[in-house]
Undergrad: 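This is the structure I have questions about; it appears just below.
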Amino acid sequence: MEQQRFHDRDRTWAGWMRAANAGDETAYRRLLEALAPLLRQVVRRGFTRLGFGNCDVEDIVQETLLAIHLKRQTWNEDERITPWVAAIARHKLIDSLRRRGRHIELPIDDFINVLPAETTAEGLSSRDAERLLSVLRGRQRDIVHAISIEGISAREAASRFGISEGAVRVALHRGLSVLAVSYRDLNQ
Amino acid sequence: MKTDELINTLVGDHSAQPRPMGIRRALVMAIIGGLAISSVLFSLTLGMRPDILSALGTWRFDLKLSASLVLAIAAAWVALRLSSPVTMPLSVMRALFVPAILLLAGVISELATTPASAWLPGAAGVNGVMCLSSIIFLSVLPLTATIYVLRWGAPTSPSMTGAVGGLLAGGMGAAVFAMHCTNDSPLFVAVWYTLAIGLTAMIGLLSGRYVLRW
């Protein structure tokens, strides 16, 4: 029964990701929004078991989402998607624990057998992560800010800043890559 | 930053480029580009051995060339597999035994068919150090291209993936250099080619450890 639920969930996610690969923005948003609470729970559980507080959970959730985004081309459309997400989450969790001076083996099944609990709205990163945004400079920063916090589209950003849509995209993508590196160096 | 805000950003970036280039295609391009550049460098500096046509008919030359090519193919396959986060590294590394066994078979057959007194001169060959440095020279640009595209991947073991990228580049460099080199003894190949490719793998490992982290 539960097995069936995981299976269905995987099919739904894989369907969204395939649609996203074909250019469906809404499907991509659905997928990320479905993954976030699940990642939050997995990370929190790992932290609790190891006796860490919950303070940086959201940083790792965000770092993992960013990694899933930047590495989305490594998922093959004919594969199951849950093990792929789990592998990325596991890599990020191990990496962040290592930065805190712990070396730990995490079972991969841990992730697959978790269903998201109903949680209250949350998802604010720690103050450290807040400072991360300050690594971005000038136009890059304005663009990431406008798109992430105000939620405007690349086209709107282009007309606001008086540059081409392509330039917005390049700035956004570079900004994300810079952000990924800064997450990694956080707590190092 | 709130996670929802991050998701906005990711969706925005995704709509700009829904499907980044797959690593398989990128690696094929790196291999073709790397081989092309190495071949140009090769013809400008070293050049083909004069007896290339007759050499092609000897098993020793063919073994030297095919072991290098098989290594490059096996390493390309392994590197691709390692670039997926779901791959368990050790399970795919076995493919690298194929070129090793090929070379080992050549060595055994050489030891069986030549007198013991010819073994040492065969292994020493003519100017092994020049061979060593030439292979590394021809491998550097393929290695750069390979490591560059492997950054598209998500390897759980960056060092190992870098080392396999080094084997791929070393195999390409060795295959190109084999056209110049007149030392055909499998014993020579087992010593000098292996050493050169091993050093290239070491460079790949060290750079992979930093460059392929994600």
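Model, not experiment: these values are computed from the prediction.
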Undergrad: Can you tell me which residue pairs pass the side chain to side chain donor-acceptor pair (under 3.5 Å) test with a partner in residues 40-49 of chain B, sequence neighbours excluded?
TA: B:Arg49-B:Asp51, B:Arg49-B:Asp184
Undergrad: Distance from A:Asn76 atom CG to A:Met17 atom CE, nearest 0.5 Å?
TA: 11.0 Å
Undergrad: With a 4.5 Å cut-off on heavy-atom pairs, point out which of A:Arg72, A:Glu63, A:Glu25 contacts chain B the most.
TA: A:Arg72
Undergrad: Please state whether the side chain, the backbone, both or neither of A:Glu33 comes within less than 4.5 Å of a heavy atom of chain B.
TA: both
Undergrad: Minimum heavy-atom separation for A:Leu65 to B:Leu10, with atom names?
TA: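 In this case the closest contact between A:Leu65 and B:Leu10 is O-CD1, 3.7 Å.
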Undergrad: Shorter than 4.5 Å, heavy atoms on both sides: which option in A:Thr74, A:Asn21, A:Leu32 has the most such pairs with chain B?
TA: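 That would be A:Asn21.
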Undergrad: Holding to side-chain hydrogen bond (donor to acceptor under 3.5 Å, both in side chains), I want the full list of residues that pass it with A:Arg29, two or more places apart in sequence or in another chain.
TA: B:Asn8
Undergrad: Could you check whether atom CE of B:Met130 has more than 12 heavy atoms from other residues, nucleotides or ligands sitting under 6.0 Å from it?
TA: yes
Undergrad: What part of A:Ala36 is in contact with chain B, defined as an atom under 4.5 angstrom from a non-hydrogen atom: side chain, backbone, both or neither?
TA: side chain
Undergrad: Between A:Leu176 and chain B, with a heavy-atom cut-off of 4.5 Å, which part of the residue counts as in contact: side chain, backbone, both or neither?
TA: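 The side chain, not the backbone.
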Undergrad: Looking at B:Thr87, B:Ile7, B:Ile23, B:Thr156, which makes the most heavy-atom pairs under 4.5 Å with chain A?
TA: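 Between B:Thr87, B:Ile7, B:Ile23, B:Thr156, the count favours B:Ile7.
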Undergrad: Which answer fits B:Arg151, side chain, backbone, both or neither, if we ask what part of it has an atom under 4.5 Å from a heavy atom of chain A?
TA: backbone
Undergrad: Go through the atoms of A:Ile143 and report whether side chain, backbone, both or neither lie under 4.5 Å from a heavy atom of chain B.
TA: neither
Undergrad: Would you call B:Arg60 and B:Glu110 a salt bridge, using N to O less than 4.0 angstrom?
TA: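 Looking at B:Arg60 and B:Glu110, the cut-off is met.
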